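Model, not experiment: these values are computed from the prediction. Index from 1, following the sequence.
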Amino acid sequence: MSDRIEKRIELKAPIARVWRALTDYREFGEWFRVRLEGPFVPGHVAVGQITWPGYEHVTWKATVQTMEPERLFSFTWHPYSVDPSIDYSTETPTLVEFRLEETAAGTLLTLTESGFDKIPADRRFEAFQRNDGGWTQQMKNIEDHVAKAS
């Protein structure tokens, strides 16, 4: 197992379109499947309700770290924090980064989630495996989302 997950996808959409899909909380919620309470603001916690079937009981929380327009959007969160009986706030969160690069065909989106080595050993492997599969799906979701007329 590694300390980081990395996914890359070339999206057939301009960088401005991909940026909006990542950082407009309503658009992010559509493809990520979370109903967020308000906009992303660096230094603030974004909160919402997961709408993915089977995970509707999960409250989504992430602390926005960086919003460098059309280049980098990042947040920290507690990966695979789905058990309501566990207080995940005592754990060190992982860092999720979305990096954008313009390409001839559109936009290269690179997703990195790092810091799994700081997750408690008893749940580290499952959190890594679940998020690895989850990010594979989310990359497909954003690809479908930005392909729709904007």
Might you point out which heavy atoms bring [X] and [Y] nearest each other, and give the distance in Å?
X      : Y      : value
Glu10  : Gly106 : OE2-N, 4.2 Å
Arg123 : Pro79  : NH2-O, 2.8 Å
Val146 : Ala21  : CG1-CB, 3.7 Å
Val58  : Ser81  : CG1-O, 3.9 Å
Leu108 : Arg8   : CD2-NH2, 3.2 Å

Point to revise | Phe28: ring pair (Phe, Tyr, Trp, His ring centres under 6.0 Å) partners, not counting sequence neighbours | key: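 Result, ring pair (Phe, Tyr, Trp, His ring centres under 6.0 Å) vs Phe28: Trp31, Phe32, Phe40, Trp60.
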Any donor-acceptor pair under 3.5 Å linking the side chain of [X] with the backbone of [Y]?
X      : Y      : value
Tyr88  : Pro93  : no
Asp3   : Asp117 : yes
Gln49  : Glu56  : yes
Thr107 : Leu11  : no

Practice item. Decide yes or no on side chain to side chain contact (heavy atoms under 4.5 Å, CB included) for Ile142 and Phe98, but give the supporting numbers first. Key: CA-CA 12 Å; Ile142 194 170; Phe98 297 94; over 6 Å; no
Side-chain contact test, heavy atoms from C-beta onward, threshold under 4.5 Å: evaluate it for [X] versus [Y] and give yes or no.
X     : Y      : value
Val96 : Leu111 : yes
Thr63 : Trp77  : no
Pro14 : Glu70  : no

Quick check: is [Y] connected to [X] through a chain of hydrophobic side chains (ILVMFWY, heavy atoms under 4.5 Å apart)?
X      : Y     : result
Trp52  : Leu22 : yes
Leu109 : Met67 : yes
Phe75  : Leu36 : yes
Tyr25  : Leu72 : no
Leu95  : Phe73 : no

Separation between [atom1] of [X] and [atom2] of [Y], rounded to the nearest 0.5 Å:
X      : Y      : atom1 : atom2 : answer
Thr103 : Lys12  : OG1   : NZ    : 8.5 Å
Met139 : Asp144 : CE    : CG    : 12.5 Å
Ile86  : Glu91  : CD1   : CD    : 7.5 Å

Check your understanding: If we ignore angles and hydrogens, is there a donor and acceptor under 3.5 Å between the side chains of Glu6 and Thr110?
Key -> no
Check your understanding: Do other residues, nucleotides or ligands put more than 12 heavy atoms under 6.0 Å from the CZ atom of Arg35?
Key ->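 Atom CZ in Arg35 is not crowded, with 12 or fewer foreign heavy atoms closer than 6.0 Å.
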Study note, to complete from the structure: Only residue of Glu113, Lys61, Gln65 satisfying side chain to side chain donor-acceptor pair (under 3.5 Å) with Thr76 is Gln65
Point to revise | Verdict with reasoning, Trp135 to Tyr80, per ring pair (Phe, Tyr, Trp, His ring centres under 6.0 Å) | key: CA-CA 12 Å; Trp135 285 122; Tyr80 199 61; over 10 Å; no
Check your understanding: Between Lys7 and Asp132, does at least one N-O distance fall below 4.0 Å, as a salt bridge requires?
Key -> yes
Review point. Below 4.0 angstrom, N of the basic side chain to O of the carboxylate: do Arg17 and Glu27 qualify?
Key: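 Result for this pair is yes, salt bridge flagged.
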Check your understanding: Among Thr112, Thr66, Val64, which residue meets the side chain to side chain contact (heavy atoms under 4.5 Å, CB included) test with Ser74?
Key -> Thr66
